[in-house]
Amino acid sequence: MKSQSPAANQVESLETPGVTNGVDRRLFCKLLGGGIVVLITSKASDLFAQRRGYPEDLNAYLRIDENGRVTLFSGKIEMGQGVHTSLAQMAAEELDVSPESITMVMGDTDLCPWDAGTWGSQSTRMFGPAVRAAAAEARTVLMKLASEKLGTPRAQLVVENGVVSNGSLKVTYGELAKGKQITRLVGEKAVLRTVKEFKVIGKPAKRMDAREKVTGRAKYAGDIRLPGMLYARMLRPPMHGATRKSLDTSKAKAMSGVTVVERDDLVAVLHADPERAGEALTLIKAEWDRPAAAFDTESVGDYFVKNGGEGHVSTSKGDVTNPFAGDHAIESTFRNGYLAHAPMEPHTALAEWKDGKMTVWASTQSPFGARTRIAHVLGIEENKVRVITPFVGGGFGGKSSTEQGVEAARLAQITGKPVMMMWTRGEEFLLDTFGPAAVVRVNSAFNAAGKMTLWDYHVYAAGERSSEMLYDVPNIRMTSYLGSSLGGAKVHPFGTGPWRAPGAWSNVFARESQMDIMRSEEHTSELQSLTN
């Protein structure tokens, strides 16, 4: 346990003494000030810790201010999926306030609880229970305060839209929070509202961010402006695997107002005008050694099959090598190409190095992961890096990594100026990760009675996700090939990663298409037998 801070000594704890010992001074200085703060630890309930990997510190919290507004802090980010609204609805339900009275603070590593990242459809179903528990605990605190203030037993009090009342006696949440400094650590017994009691959850609601976005007032990373800010353009290789042989930056350096950075693998030009920075980049002369392409769009499938290695058998049942005599066998091959995320908002970040601390406004699905990576690359402690995530204009898994944030931070540290890094569309299609191309080969069979007897499934380069056989088949083998014959090299010569359930779309399409083909063949066989 950390020692209790001076700020914590001023806190009125409504639970057992010492519950605030784990809260450090920075959190109190930034959040407590006045009002009511509710916190959760992963130890509070297995439900909160399940599948999220949270450390045993403060995970989810909200604050009720003296003006009655509720601020909900979440390590999740909003990239169009609507959690900006759904999480607010959950808090509003348990507090019995309107969603409009809630302010969302998301993806700020200095203010929000740690989070692994926004992916896997986990924001509402995994972080949501912690939000509801925090709000329910806050309601318990407020009802106790209201009982004391109104001189009325808690059982006789009702709350509606942030007002606690008993007949003509009324008090608002804001009045209860005014002049108070209260922290509460959520335990396992936070009482949640039942589905029958829901007034907000499950009801039609307008998105809380809709007006900002349709009017253009919503701020994305590329909309942030700082005094003295420079726009950066990087020298990129012409293709994956290319290595630089020579470099001439003299003409770019001669341009007025242009800063040229050459540091290890980093070559960049910076200017206060993004178009001038782009012009300066065209003046850099570089020669490259270009490797021969391993494949093209036509031969990629053959490349995977040739270099897939021996494969890993994940499921084996019965015997797939000797189908029964008279069975109808079908062999199919399915192919998928690489898929780009192509979000409306390209990878963008603004970095500022000030007073020994790096602040990065980044379009990212993983602000805490970005903080760790930036700190490592810059060689500084994580507490010297703050990542702030404004609205994100689409991610689909492609913004799990935050390479543009690392680039902006490196340049800001080198130049001492705020630096904006905005990938162009060309850079987006070169540098982003891709949904993996894949080949799936399926051998299957069914007997005269229309029952499946064999399923021999081989997936190359996409992994096994969602490839499991869901039907009752006596002879099954599932094999995945990921490039073991390449001497440890990856089967994909450039970055692949999450793209809306990575690999699942290849496997589900192949499996269900094969089922459709088999059913079609079965009907054909039935018609032939009837004709004969």
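This one's a predicted model, so the numbers in the text were calculated from it and none came from an experiment.
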Any salt bridge between [X] and [Y], counting N to O under 4.0 Å?
X      : Y      : answer
Arg441 : Asp456 : no
Asp302 : Arg335 : yes
Lys219 : Asp223 : no
Asp110 : Arg371 : no

Any sub-3.5 Å donor-acceptor pair from [X]'s side-chain atoms to [Y]'s backbone N or O?
X      : Y      : value
Thr140 : Ala136 : yes
Glu521 : His328 : no
Gln404 : Ser363 : yes
Glu345 : Gly393 : yes

Which atom names give the shortest non-hydrogen contact between [X] and [Y], and what distance separates them?
X      : Y      : value
Ser506 : Val440 : O-CG2, 4.3 Å
Ala286 : Arg244 : CB-CD, 4.2 Å
Tyr481 : Gly309 : CD2-O, 3.3 Å
Val419 : Ala232 : CG1-CB, 3.7 Å
Ser74  : Leu87  : OG-CD1, 3.8 Å
Gln89  : Ala205 : NE2-CB, 3.5 Å

Can you tell if the side chain of [X] reaches within under 4.5 Å of the side chain of [Y], non-hydrogen atoms only?
X      : Y      : answer
Arg217 : Arg211 : yes
Trp288 : Met239 : no
Pro493 : His240 : no
Glu427 : Leu430 : no
Glu78  : Arg207 : yes
Val442 : Trp455 : yes
Thr496 : Thr433 : no
Thr315 : Met469 : no

Below 6.0 angstrom between ring centroids: does that apply to [X] and [Y]?
X      : Y      : value
Tyr303 : Phe295 : yes
His341 : Phe396 : no
Tyr338 : His492 : yes

For the residue pair [X] and [Y], confirm or rule out a side-chain donor-acceptor distance under 3.5 Å.
X      : Y      : value
His347 : Glu403 : no
Ser466 : Asn507 : no
Ser86  : Thr124 : yes

How long is the gap from [atom1] on [X] to [atom2] on [Y], to the nearest 0.5 Å?
X      : Y      : atom1 : atom2 : answer
Asn475 : Thr321 : CG    : OG1   : 9.0 Å
Ile388 : Cys112 : CD1   : SG    : 9.5 Å
Glu512 : Ile517 : CD    : CD1   : 11.5 Å
Thr333 : Tyr460 : OG1   : OH    : 9.0 Å
Ser480 : His312 : OG    : NE2   : 7.5 Å

Is the number of heavy atoms from other residues, nucleotides or ligands under 6.0 Å of [X] [atom1] greater than 12?
X      : atom1 : answer
Lys213 : NZ    : yes
Lys206 : NZ    : no
Phe509 : CZ    : no

(request) Give the intermediate values and the outcome of salt bridge (charged side-chain N to carboxylate O under 4.0 Å, His left out) for residues Arg193 and Asp96. (result) CA-CA 10 Å; Arg193 295 194 185 279; Asp96 207 334; 3.7 Å; yes
(request) Walk me through it: do Ser513 and Phe334 pass the test side chain to side chain contact (heavy atoms under 4.5 Å, CB included)? (result) CA-CA 9 Å; Ser513 294; Phe334 305 91; 3.6 Å; yes
(request) Would you please test Thr103 and Arg69 for side-chain hydrogen bond (donor to acceptor under 3.5 Å, both in side chains) and show each step? (result) CA-CA 7 Å; Thr103 298; Arg69 286 201 66 81; 3.1 Å; yes
(request) Sort out for me which residue in Glu197, Arg132, Lys199 forms a side chain to side chain contact (heavy atoms under 4.5 Å, CB included) with Glu93. (result) Lys199
(message) If you apply the rule side chain to side chain contact (heavy atoms under 4.5 Å, CB included), what do you find for Tyr231 with Met421, and how did you get there?
(response) CA-CA 6 Å; Tyr231 292 86; Met421 175 61 68; over 6 Å; no
(request) Apply the test side-chain hydrogen bond (donor to acceptor under 3.5 Å, both in side chains) to residues Asn447 and Thr453: give CA-CA distance (whole Å), side-chain angles for both, the deciding distance (0.1 Å), then the verdict. (result) CA-CA 7 Å; Asn447 60 23; Thr453 58; 5.9 Å; no
(request) Verify side chain to side chain contact (heavy atoms under 4.5 Å, CB included) between Met478 and Ser467, making sure each step is shown before the conclusion. (result) CA-CA 8 Å; Met478 312 284 288; Ser467 65; 3.8 Å; yes
(request) Sort out for me which residue in Thr348, Thr118, Thr402 forms a side-chain hydrogen bond (donor to acceptor under 3.5 Å, both in side chains) with Thr364. (result) Thr402
(request) Run through Thr359, Asp108, Thr109 and flag the one making a side-chain hydrogen bond (donor to acceptor under 3.5 Å, both in side chains) with Arg386. (result) Asp108
(request) Could you walk me through whether Ile201 and Met90 pass side chain to side chain contact (heavy atoms under 4.5 Å, CB included), step by step? (result) CA-CA 6 Å; Ile201 296 175; Met90 291 183 177; 4.2 Å; yes
(request) Output, in order, the C-alpha distance, side-chain angles, deciding distance and verdict of side-chain hydrogen bond (donor to acceptor under 3.5 Å, both in side chains) for Ser332 and Gln514. (result) CA-CA 7 Å; Ser332 303; Gln514 184 73 356; 2.7 Å; yes
(message) Show, in sequence, the C-alpha distance, side-chain angles and deciding distance for Glu407 and Trp423, and conclude whether the side-chain hydrogen bond (donor to acceptor under 3.5 Å, both in side chains) test is met.
(response) CA-CA 11 Å; Glu407 294 170 346; Trp423 284 7; 3.2 Å; yes
